[in-house]
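Single-structure report; data block below.
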Amino acid sequence: MKPRVAVFKFASCDGCQLQFLNAGDELLKLAGQADIVYFPEARGRALAGPYDLAFVEGSVTTPADARRIIEVREESRYLVTIGACAAAGGIQALRNWADIEQYRRAVYPSPEFISTLSTSTPISEHVRVDFEIWGCPIDKTQLLAVTRSLLFGAQPVLPGHSVCIECKRSGNACVIVTRGEPCLGPVTRAGCGALCPAMNRGCYGCFGPADAHNMESFAALLADQGVRGDDAMRRLRGINGYVRPWRESADALAAKK
Amino acid sequence: MNEATRMPKAALDNLIAILGREGYRVMGPVARDGTVAFDEIRSAADLPVGIRDAQEAGRYRLAPGIDGEIFGVVNGAGSLKPHFFAPAEPLLEIRRERRGFKANEIASAAPPHAFIGVRACDLAALAIQDRIFLHDRFRDAHYELRRKDAFFVAVDCTRSAPTCFCVSMKTGPRATAGFDLALTELPGGFVARPGSPAGEAMIVKLGLSAAGGADEAAARALIDECARGMGRRMDTADLPRLLYDEAENPRWREVAARCLSCANCTMVCPTCFCHTVIDQTEIDGNMSRRVRKWDSCFSLEHAHIHGINLRPKIHDRYRQWLTHKLASWIDQFGSSGCVGCGRCITWCPAGIDLTEEVAAIRASAGKG
Amino acid sequence: MPSRRKSRTIRVNYLARVEGEAALHISLRDGEVVDLRLEIFEPPRFFEAFLRGRDSREAPDLTARICGICPVAYQMATVHAFEQSYGIAVDPSVRELRRLYLCGEWIESHALHIHMLAAPDFVGCDSILTMAEKDRGAVERGLRLKGAGDAIIAALGGRPVHPVGACIGGFTRAPGRGQLSDLRERLLRVRDDAVECVRWVSRFELPAANRDIEFVALRHPGEYPMNEGRIVSNRGIDAAAADFEDCFEEYQAAYSNALHSKVKGRGPYFLGPLARVNLNFDRLGAGAAAAARETGIAWPTSNPYASIVARAVEVLYAVDEALRIIDAYRPPDAPAAPFAARAGTGRAIAEAPRGMLYHAFETDDRGLIRAARIVPPTAQNQARIEADLRALAPDLVRHPQAAATRICEMAIRNYDPCISCSTHFLKLEIDAN
Amino acid sequence: MATPYLTHPARIVARRTETAGIYTFTTRFVDPAARAAFRFRAGQFNMIYAFGVGEVPISIVSDPEDPATLEHTIRIAGRVTGVMAKWDVGDVVGVRGPYGNGWPVERARGRDVVIVTGGLGCAPVVGLINYIFRRRDQYGDLHILHGVKTPNDLLYRERFDQWRREPRTRVYLTTDHPDKSWHYRIGVVTELFDELAAPASAIAMMCGPEAMMRLAAHALRAKGIADDAMFMSLERRMECAVGMCGHCQYRENFVCKDGPVFSWRAVKELTRVSGL
Ligand SMILES: Cc1cc2nc3c(=O)[nH]c(=O)nc-3n(C[C@H](O)[C@H](O)[C@H](O)COP(=O)(O)OP(=O)(O)OC[C@H]3O[C@@H](n4cnc5c(N)ncnc54)[C@H](O)[C@@H]3O)c2cc1C
Ligand code: SF4
Ligand code: SF4
Ligand code: SF4
């Protein structure tokens, strides 16, 4: 029997699950290998669990979602998160440093209608996660590689090294060294193909922290480059700002201020 | 052989044209995004004429240099390495069959390359990669295919970057081996000398005539002056012993505090050869490519074996890189793994300088 | 007391094949709609709140994250708002590249909607995956078109979702002429697909409907509208883009995380391809206009179901426009105009695939954002969607649940609602000076 | 010229479960020419490939005199070996090799052999022990020492009991944490060496956790066995096995081609420093 695959969405922009649809021909081939039984964005009929493989996009930001993710976990044999929201809380985790009541009041005329948690948290803070695919959005090739690996019954692997390795493999000119521009590449996980340096700009960390990183040295490097403390803090407190090493480093910079 | 000839600057276009006609893809340093890298050229105008590089630890800038100077830029991050040992390339294509699978080699069918403007250190580095990929117990077919028909036009360094130390590593500034033709750039033209029968033939094709003694002397003088003014130096005396004995020197921890573990040094190093091989499998599971990609001893996966990481700390990894490069390389391949090109110094975002690290370890040796 | 038998509740949980999460609730009593709620429970993400204090230079990367399906439009509205505020004049070539960039998004988003989200309804399938078995050719055509749109975005921004190339003043890197030639080839190859796509959707059996609708879109003196123009409507709106807030007002419904909008003093309005085609037919260009005429639809039309045809017409327009831009392209002297941040306010509208997307930002003298306001098209369309559903509702009782659901979904899908972007926050005060 | 990475399809002709999570696969190259050309020495290894998943180094445990069928005992450890657990007779896998130097079986001829292993058991020494039994008269006494943390870690209990019954063979087993079923020695593996009755002329071969091998080497040294008569099989990450990928470097050594078997003399200094 073909494995049953489901795609769930929590707080997110849909960009990661869109990568399934962006896969084009490959999506059709995947459909020959697995039954995509739950995928509201692409399919009208939603079949109930259990699922062999669940992809979860988005972060947990509401009380209802905090309950729903537990149900999803219970229904799923193997749970893979897709994207920065699910792995790190996403850009919406910036609320974690703010007063949510103020946010709510400031922006909705009737804040009482809005049900939200004061934090946006990664899926792994709520349930056991079997594998995380990083990126904002995730890379299509990585998504397919992980899926293929699981179809073979093998634990997936993705590189955990820095963007710099991909950057040099692509023959980009380093923006730090040639232009003195800040770049998060040395502390960011590879996966995008060093897109930003290739586009002539510094990396802003959308793939989250590399597994080997040295945040202290990196913060010192930013300071050497003349990046102001609050600017450095903002750079780290970005798309993946709530993830541990970056959070701690940004908090340290904020405390110095 | 080895007779010096005079080559007018205008003859460079002729050289490029002849190589092109002979079926080579002609490559030269091309400026792009504030640095240079070997890329395809159609004429000398594609080279960074009148431009020089300013290099320091962690810093690289191109700036206007001397009018008409063709090879004013010493080097950029890109060496010859990516053109022989590709940053990423498929090695095998494995197709599933009714019962089992069949593995086929993927042959790379690129035309031979001719490189113009290769520095002595890079030729030395290529010879070192040859040791690894061609002259060891096994030969790498992909490397060999690209290597065997390449043509090299070397350029002697008459100017070094402040990060260079080829004199210490005995690889430059004058090209001594591994080239077909070597040029020394003088203000009014080149002194050209052949390094192979193909180079001699090329001199004939270019119709060059013997250089006068004055030109040769001027060329020598420029190269000697470059050697004397070399920006950095490294004391290589008994280096292997020093680094082996100092495996627990506190300096490793000190440098590890600055090291980002980003792997840039290993990526730009023209001799580093670590690579990983991964499967890239089609989603239907019928075909898998085994793809080789540059890897680095700075990545955590590099020393992962099941259940343990053998070099978990940045100081373990920094020590591995430096000790391998400068010491155990000699045990393994009979030469240092460093040619003194200075790239790892320039392209380290944190500006870590191996010559400084070696000096610090030497200075504190035995005191740890 | 009305009999219980006649009362009927239709609930569509998790609308399928819309991007984002929403549900529809309709209560009827004796043929009268007593309650109709399009609930958007896409959790609020508070973009307008957390943008405060961020640097305007990061804004294009951040606002892109509002929507993974139309990040380019977000980036365009954002950079244009700041450029207005900072008084930046962009290079004419950059202006053209930005149109090209948005063409890419229109092609990719419309192709996605037509083939993967809407067409299965007309073909009688529940998804593109099952449709692939029935009409492989159509699916492959959709994938080719979508791929071509993605390729345009990637050429200018590195990747199709959350591209990284746009910045205030222009692009971080401008392509060379040669780099666009592959793209040109690819677009030439899909042009026939685009033509065929218009024919294909015009053969769909579209429900007939003739509604009283106010269509709103940008209008530009010489071009089909994308990043510039005045706000116009078929009921007489004609205002500068910066005066958006004078024309429309937002209000909140208890049941939805998305704010509703209406024309001030009037009612709901309709944004998107159908509005654009209706109001800018004369700017479509020969190819797209001819294809539109051949469909047999009398433009302008007040049948909302013609949206899918308008969308296909825009795909063809965007392919032709992209080819025109590429053919005339001269790389700009600098990919981005240099600028200095200053205190001020900027307001801009981009025509996102789903309609007008309004951004307003106020910054301090360092370029840090003091206030942000973002009004996405789906939020603006929400009241209009509900009005359409209200019109359908009395008839729904005649259908079994499954069919009723399908009818509602089809009506909603006319607006291609991108629900993740319809969530936002209001009550941002912007100093008008 | 073929790339050294070229893997050759081989069919699994037998599968044996050694114990939970350890399987022995017997393979034959599909291509008769590959089968005919293959020769190996005791203690060498192959790179075994799981289609689409990856390749890992695995020792050859069958006898070098029958190179037409190759046996590999694989412990399920992680990603690639995890897939191998599902392999069965008839499946086709990729094999390339042989690589590495192998055990010093020639040097050991005529001498007593001390074999030290630990932890979850080590396939390479099983191959070595079988090798010696098949040539029993060519070797002196055989001393097999094995230490485990808990009795559950003793995976080949029957096999140890069977070896114990062989002539001129002594088996020394110990555990740190005994239970009721344990009727061997109690204590760390190094204490076993107090009982070891091997002459200084013996040759030692070890495989297991590096820390254990280091302790064993010191104990054997105390018995008068020379540094260059002790050999240990080391494990490093390997991706090419032909000295090109760089992963298995151990200072001046490439474990794939200079090893995996090293004399204690060669690595004594290295093992002192962690993280090399
Ligand atoms: C010379 C040699 C001989 C070996 N002989 C045997 C044997 O006979 N039987 C047996 O069961 N095991 C043997 N091993 C160990 C076996 O190679 C590992 O258990 C196996 O690589 C684990 O791979 P994995 O993907 O299942 O584990 P994971 O932990 O998921 O490892 C991921 C990747 O890391 C690398 N890796 C992990 N562990 C090792 C390791 N120990 N050595 C090399 N690379 C590693 C591999 O590339 C592997 O694919 C031997 C190792 C070496 C070096
Ligand atoms: S540009 Fe950034 S990612 Fe690339 S090498 Fe430099 S620091 Fe690393
Ligand atoms: S370079 Fe950095 S910010 Fe840019 S796409 Fe890659 S990971 Fe994201
Ligand atoms: S170690 Fe540094 S200086 Fe030496 S060859 Fe490598 S990059 Fe050049």
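Protein chains get the first letters and strands the later ones, always in sequence-line order, with residue 1 at the start of each. This structure is a prediction, so every number in the text was calculated from the model and none was measured.
Of the charged side-chain nitrogens involved, at least one lies within less than 4.0 Å of a carboxylate oxygen, so that Arg201(A) and Asp61(C) count as a salt-bridged pair. With respect to Arg366(C) and Asp230(A), a salt bridge is recorded, a charged nitrogen being found less than 4.0 Å from a carboxylate O.
Every residue two or more places apart in sequence or in another chain that forms a side-chain hydrogen bond (donor to acceptor under 3.5 Å, both in side chains) with Asp251(A) is listed here: Trp97(A), Arg237(A). For Glu71(A), there are no salt bridge (charged side-chain N to carboxylate O under 4.0 Å, His left out) partners, not counting sequence neighbours.
Both the backbone and the side chain of Asp25(A) come within contact range of chain C, each with at least one heavy atom under 4.5 Å from a heavy atom of that chain. Interface remark: Gln19(A) contributes side-chain atoms only to the contact with chain C (heavy atom separation under 4.5 Å). For Arg234(A), the parts sitting under 4.5 Å from any heavy atom of chain C are the backbone and the side chain alike. Using a 4.5 Å cut-off between heavy atoms, Ala11(A) touches chain C through backbone and side chain atoms alike. In this structure, chain C has a heavy atom under 4.5 Å from the side chain of Ile239(A), while its backbone stays farther away.
Nearest approach of Met199(A) to Gly158(C), heavy atoms of both residues: SD-N, 4.0 Å. Heavy atoms only, all atoms of each residue included: Phe50(C) and Gln92(A) are closest at CE2-CA, 4.0 Å.
The distance from the OH atom of Tyr204(A) to the CG atom of Leu62(C) is 8.5 Å, given to the nearest 0.5 Å.
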Let me see the working for Ile91(A) and Arg45(C) under side-chain contact (heavy atoms from CB on, under 4.5 Å), right down to the final yes or no. CA-CA 9 Å; Ile91(A) 189 70; Arg45(C) 298 201 291 145; 4.3 Å; yes

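Contact tally against chain C (heavy-atom pairs below 4.5 Å) for Pro137(A), Gly24(A), Gly15(A): the top residue is Pro137(A).
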